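Shown next, in structure tokens, is the structure this report addresses.
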Amino acid sequence: MKTEIIKASGKDLKKAVRKAAGLIRKGELVAFPTETVYGLGGNGLDAEASKKIYAAKGRPSDNPLILHIGDATQLGPLVKDVPETAAKLMDSFWPGPLTLVFRKSELVPAETSGGLDTVAVRMPSDPVANAFLRACKVPVAAPSANLSGRPSPTKAAHVIEDMEGRIACILDGGDVPIGVESTIVDCTGSVPVLLRPGFITLAEMETVVGRIDTDPAVTREGILSRTEVGKPKAPGMKYRHYAPKAPLTVVSGEYGKVRDYIIEHTDSDTGILTVDEHIRDFREGYVLSAGTIADPNTIAHNLFSVLRAFDVLGVKAIFSEDFTDIDIGTAIMNRLLKAAGGHIVSL
Ligand code: TXA
Ligand code: MG
């Protein structure tokens, strides 16, 4: 299949989104930018389109898709009810990088919801996403637009790398602003549950709705519990998401020790993932900075892009320092530890 790549900015925006929306309405797939990462969209009410999404990504079909809407009035028909906690979170954070899980209505095909009786919905704030979703007039099912298991795409070039020839169209809206996927909260129980940390933090949401529980599987302990800390696990037992091609090890502990450990284990084809403040500490290997500790949002913004850059450089192993576990740091560490398959050395 020939993939059409369309610039979606400035005066071309209207024409571009109209064309892309037309493809969605014909059952084709379109990758589009959002404020978090690029999405791989198809008509969320069309079971065949959802099947195409799974095929294009190489994703297991029991992993549900998020429905994206351009207008809050699109939510009603998709869900059985809107719990009070969800309404409050929507009021505060929509449009924006927050996905909420509801009990689904009959309208949402099982193919879209991965066979679950719930459905995840989000209303992106990105202007290109919003214009595109409004033009589609149907909810758009969209996972991140990467091949299953690879780092999520934060620029059109990443989507082209993974999806060219597999989908009808890519809307190129430039680099995304945030760089890690949306926060996901399940609102179907009596207490909301955080299912994936993201740009909207637990603390911000708790000021709006009070207590929110966290799914133990997404915490640092949860991700690491499948590995013996400090030792690599058998490759077959590791689960890797967001993963670069070379094995990635997170090195955790007091910075001086982390630096020395990485230097000791580095040779000319090793990749080192660090920050601006530390980049001069390393003289060997391919040293890439994700951003600055002074503004952890920069690290979130560049993380996936740097992981992909190591693939291009062809490094044989990657070491990353640990980043703080506060605010956006929770989301960064969740992605980084998964990319490492839970492989961490604690000093
Ligand atoms: O920022 C984002 O959320 C991006 C952009 C494109 O919107 N999308 C994204 O989609 O990250 P994806 O498919 O890569 O990740 C969606 C996650 C998956 O881990 C999936 O299992 C979970 O959301 N999910 C979807 N529906 C769910 C449901 N009904 N219950 C629980 N988890 C659900
Ligand atoms: Mg994804």
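Counting starts at 1 for both ligands and their atoms, following the listed order. From a predicted model like this one, the values you see are computed outputs, not experimental measurements.
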Are F199 and V306 in one and the same hydrophobic cluster, where Ile, Leu, Val, Met, Phe, Trp and Tyr link if side-chain heavy atoms are under 4.5 Å apart?
yes

Taking atom types as modelled, is there a side-chain donor on S152 or E181 under 3.5 Å from an acceptor on the other?
yes

Residue H68 vicinity, atoms of ligand 1 by number, heavy atom under 4.0 Å
5 (C), 6 (C), 7 (O)

Side chains of S50 and T112: donor-acceptor distance under 3.5 Å anywhere?
yes

Before accepting this row, confirm whether a basic side-chain N of the pair K88/E84 lies closer than 4.0 Å to the acidic partner's carboxylate O.
yes

Numbering the atoms of ligand 1 from 1, which are under 4.0 Å from a heavy atom of T118?
28 (C), 29 (N), 30 (N)

For atom 14 (O) of ligand 1, closest protein heavy-atom neighbour:
S144 OG, 3.0 Å

Between atom CE of M333 and atom CG of L303, what is the distance when rounded to the nearest 0.5 Å?
9.5 Å

Minimum-distance protein heavy atom relative to atom 4 (C) of ligand 1
V37 CG2, 3.8 Å

Could you tell me which atoms of ligand 1, counted from 1 in the order shown, lie closer than 4.0 angstrom to a heavy atom of A120?
25 (C), 26 (N), 27 (C), 29 (N)

Report the residue from D117, D186, D81 that forms a salt bridge (charged side-chain N to carboxylate O under 4.0 Å, His left out) with R103.
D81

Reported OG1-to-CZ distance for the pair T154 and R308, which is rounded to 0.5 angstrom:
8.0 Å

Residue pair T270 / D267, side-chain donor-acceptor N/O under 3.5 Å
yes

Starting from atom 27 (C) of ligand 1, what is the nearest protein heavy atom, named by residue and atom, and what distance separates them?
P64 CG, 3.4 Å

Under 4.0 Å, heavy-atom basis, I'd like to know which part of L40 is in contact with ligand 1: side chain, backbone, both or neither.
neither

State whether the side chain of Y38 and the backbone N or O of G173 hold a donor-acceptor pair below 3.5 Å, judged by distance alone.
yes

Once you restrict to heavy atoms under 4.0 Å, what part of I66 touches ligand 1? Side chain, backbone, both or neither.
side chain

State whether E35 and R122 are salt-bridged, where the test is any N-O pair (Lys NZ or Arg NE/NH1/NH2 against Asp/Glu carboxylate O) under 4.0 Å.
yes

Could you tell me if the ring centre of H278 sits under 6.0 Å from that of Y255?
yes

When you look for heavy atoms under 4.0 Å from ligand 1, do you find them on the side chain of I184, its backbone, both, or neither?
side chain

So, E321 and T274: side-chain donor and acceptor under 3.5 Å apart, yes or no?
yes

Atom indices of ligand 1, in the order listed, that fall short of 4.0 Å to a heavy atom of L116:
28 (C), 29 (N), 30 (N)

Suppose I only count heavy atoms of S182 and a 4.0 Å limit; which atoms of ligand 1 are within that range?
1 (O), 2 (C), 3 (O)

Is the distance from the Mg ion (ligand 2) to some N, O or S atom of N146 under 2.8 Å?
no

Under 4.0 Å from ligand 1, counting heavy atoms only, is it the side chain of K57, its backbone, both or neither?
neither

With a 4.0 Å cut-off on heavy atoms, does K104 reach ligand 1?
no

Among all protein heavy atoms, pick the one closest to atom 6 (C) of ligand 1 and tell me residue, atom and distance.
G39 CA, 3.4 Å

Which residue owns the protein heavy atom closest to atom 15 (O) of ligand 1, what's the atom, and how far is it?
R196 NH1, 3.1 Å

Heavy-atom nearest neighbour in the protein, as seen from atom 13 (O) of ligand 1, with distance rounded to 0.1 Å:
R59 NH1, 2.9 Å

Who's the nearest protein heavy-atom neighbour of atom 32 (N) of ligand 1, and how far?
L195 CD1, 4.0 Å

Number the atoms of ligand 1 from 1 as they appear, then name those within less than 4.0 Å of a heavy atom of N63, with their elements.
18 (C), 20 (C), 21 (O)

